[in-house]
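Structure first, then comments.
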Amino acid sequence: LSATSGQIAWTQQLSERVEVSPLPIAHAGLAVACADGRIYGLNLQTGAVEYMTETDSRIAALEPVADGEGEQFYAVADSRRVLALNARTGNLQWGRDTFGTVSDRPLVAAGNVIAPTSEGGDSKLWAFDESGDLKWMNTFGRYSNLAAAEDYIAMTPGSLVTLIQATTGEPVHYWQLAESPDELSLERQGNRLIVRTEQEILTTVLN
């Protein structure tokens, strides 16, 4: 749709219903994942299909995430595997199993794609580099919120806000809140990291 007029600019019929939000990607494209496991690359201006990739998996409920360079984007397949695809061609670069149930969309921090999984009362973060190699995995309490900014990740197991170094997976700072927050965001401003919740704003200075 045209954002200014609301008029339909184009339509495109795909193979199955769309179960995740379309993702703007590099070079004026749009990635769309269907319930039959096919991922389409559409021309954002015309709607023309520029590529179609068969994943043989169910891509559902979890939104693909583009990295900072826009050369790859990521999807979660069958709620277990992380897939990396070339943003311009749709070619599958790699796929890795997390050996758990992926509980949220992947994040990109410190050049790694971070996939969160939940098992019982615990959450695990799996960090894969741009080649798909596992860089680290760490276990935390079951989280309710997750955010990333540059080289850091913030998560909330209950009312405890945990700041994690994205290059190693190690916790580096904690804040205790009065109750578990409903919202969480993380941003870096110079040598400071700022965590925002609806309860308060938390700040730490980086060494």
**Separation of I194 CD1 from E187 CD (nearest 0.5 Å)** = 5.0 Å
**Message:** Can you confirm whether L177 sits close enough to E200 that some side-chain heavy atom of one is under 4.5 Å from a side-chain heavy atom of the other?
**Reply:** yes
**Asked** Can you name the closest pair of heavy atoms from A33 and V20 and give their distance?
**Response** CB-CG2, 3.5 Å
**Message:** Let me check something: do V49 and I39 share a hydrophobic cluster, defined by ILVMFWY side-chain heavy atoms less than 4.5 Å apart, either directly or through other members?
**Reply:** no
**Request:** Give a yes-or-no answer on whether the side chains of S118 and R142 include a donor-acceptor pair shorter than 3.5 Å.
**Result:** yes
**Prompt:** Hey, does the side chain of S144 reach the backbone of T156 with a donor-acceptor pair shorter than 3.5 angstrom?
**Reply:** yes
**Item:** Modelled atom types, side-chain donor and acceptor of R81 and S57, under 3.5 Å
**Value:** yes
**Prompt:** How about T101 and E119: does a side-chain donor come under 3.5 Å of a side-chain acceptor?
**Reply:** no
**Test item: W175 side-chain N/O and L163 main-chain N/O as donor-acceptor pair under 3.5 Å** = no
**Asked** Between N145 and P181, is any pair of side-chain heavy atoms under 4.5 Å apart?
**Response** yes
**Message:** Here's a test for you: under side chain to side chain contact (heavy atoms under 4.5 Å, CB included), which of L202, T204, T203 qualifies with V195?
**Reply:** L202
**Asked** How far apart are the closest heavy atoms of R188 and Y152, and which atoms are they?
**Response** NH1-CE1, 4.2 Å
**Message:** For Y174 and L160: C-alpha separation, side-chain torsions, deciding distance, then whether side chain to side chain contact (heavy atoms under 4.5 Å, CB included) applies.
**Reply:** CA-CA 7 Å; Y174 300 94; L160 183 68; 3.8 Å; yes
**Asked** What's the shortest heavy-atom distance between N43 and W10, and which atoms?
**Response** O-CZ2, 3.9 Å
**Asked** Does one side chain, of Y143 or S103, offer a donor that lies under 3.5 Å from an acceptor on the other?
**Response** yes
**Request:** Would you check if the side chain of E198 reaches a backbone N or O of D182 as a donor-acceptor pair within less than 3.5 Å?
**Result:** yes
**Item:** Minimum side-chain heavy-atom gap L107-V113 below 4.5 Å
**Value:** no
**Request:** Determine the minimum heavy-atom distance between A127 and L134, stating which atoms define it.
**Result:** O-CD1, 3.4 Å
**Message:** Pairing donors with acceptors under 3.5 angstrom, does anything connect the side chains of N91 and T89?
**Reply:** yes
**Complete:** Taken to the nearest 0.5 Å, the spacing of T98 OG1 from L125 CG works out to 11.5 Å
**Asked** Hey, mind stepping through N86 and Y51 against side chain to side chain contact (heavy atoms under 4.5 Å, CB included) and telling me if it holds?
**Response** CA-CA 11 Å; N86 183 284; Y51 61 77; over 6 Å; no
**Item:** Minimum side-chain heavy-atom gap L42-Q12 below 4.5 Å
**Value:** yes
**Request:** May I ask whether Y74 and F99 are part of the same hydrophobic cluster, defined by side-chain heavy atoms of I, L, V, M, F, W, Y residues being less than 4.5 angstrom apart, directly or through others?
**Result:** yes
**Asked** Applying the 4.5 Å side-chain criterion to the ILVMFWY set and letting contacts propagate, would L186 and L184 be lumped into a single cluster?
**Response** yes
**Asked** Do side-chain atoms of S159 reach the backbone of A178 as a donor and acceptor pair under 3.5 angstrom?
**Response** no
**Message:** Within the structure provided, determine whether S185 and E183 are in side-chain contact (heavy-atom separation under 4.5 Å).
**Reply:** no
**Prompt:** Would you say S123's side chain and F140's backbone share a donor-acceptor pair under 3.5 angstrom?
**Reply:** no
**Fill in**
For G37 and I59, the nearest pair of non-hydrogen atoms, with its separation, is CA-CG1, 4.3 Å
**Item:** G169 to N138 - nearest heavy-atom pair and separation
**Value:** O-ND2, 2.8 Å
**Message:** Determine whether a donor-acceptor pair (N or O, by modelled atom type, separation under 3.5 Å) exists between the side chain of Q199 and the backbone of E179.
**Reply:** yes
**Asked** If you group Ile, Leu, Val, Met, Phe, Trp and Tyr by side-chain heavy-atom gaps below 4.5 Å, do L146 and I164 land in one group?
**Response** yes
**Message:** Go through it in stages, so that I can follow the logic: the residues are L206 and R192, the test is side chain to side chain contact (heavy atoms under 4.5 Å, CB included), and I'd like the CA-CA distance, side-chain angles, deciding distance and then a yes or no.
**Reply:** CA-CA 6 Å; L206 302 174; R192 296 193 308 158; over 6 Å; no
**Asked** Is Q72 reaching over with its side chain to a backbone N or O of L85, donor-acceptor style, under 3.5 angstrom?
**Response** no
**Item:** Chi angles and distances behind the side chain to side chain contact (heavy atoms under 4.5 Å, CB included) call for T55, L83
**Value:** CA-CA 9 Å; T55 67; L83 307 180; 3.9 Å; yes
**Item:** salt bridge (charged side-chain N to carboxylate O under 4.0 Å, His left out) assessment of D97 paired with R80
**Value:** CA-CA 6 Å; D97 201 319; R80 292 181 62 87; 3.6 Å; yes
**Request:** For the pair D129 (side chain) and S131 (backbone), establish whether a donor and an acceptor sit closer than 3.5 Å, ignoring hydrogens and angles.
**Result:** yes
**Item:** Test item: side-chain donor near acceptor, T168 and E170, under 3.5 Å
**Value:** no
**Asked** Do the charged groups of D78 and R58 touch, with an N to O distance under 4.0 Å?
**Response** no
**Request:** May I ask you to check whether D36 and S15 show a side-chain donor-acceptor distance below 3.5 Å?
**Result:** yes
**Item:** Side-chain donor or acceptor of S2 paired with backbone N/O of S5 under 3.5 Å
**Value:** yes
**Fill in**
d(E50 CD, R88 CZ) to nearest 0.5 Å is 12.0 Å
**Exam field: side chain R96 to backbone G132, donor-acceptor pair closer than 3.5 Å** = yes
**Asked** Tell me, do L14 and V18 make a side-chain contact under 4.5 Å, heavy atoms counted?
**Response** yes
**Request:** Classify the side-chain pair T117/W126 by whether it contains a donor and acceptor separated by less than 3.5 Å.
**Result:** yes
**Item:** Hydrophobic cluster membership, F73 vs L30, 4.5 Å side-chain cutoff
**Value:** no
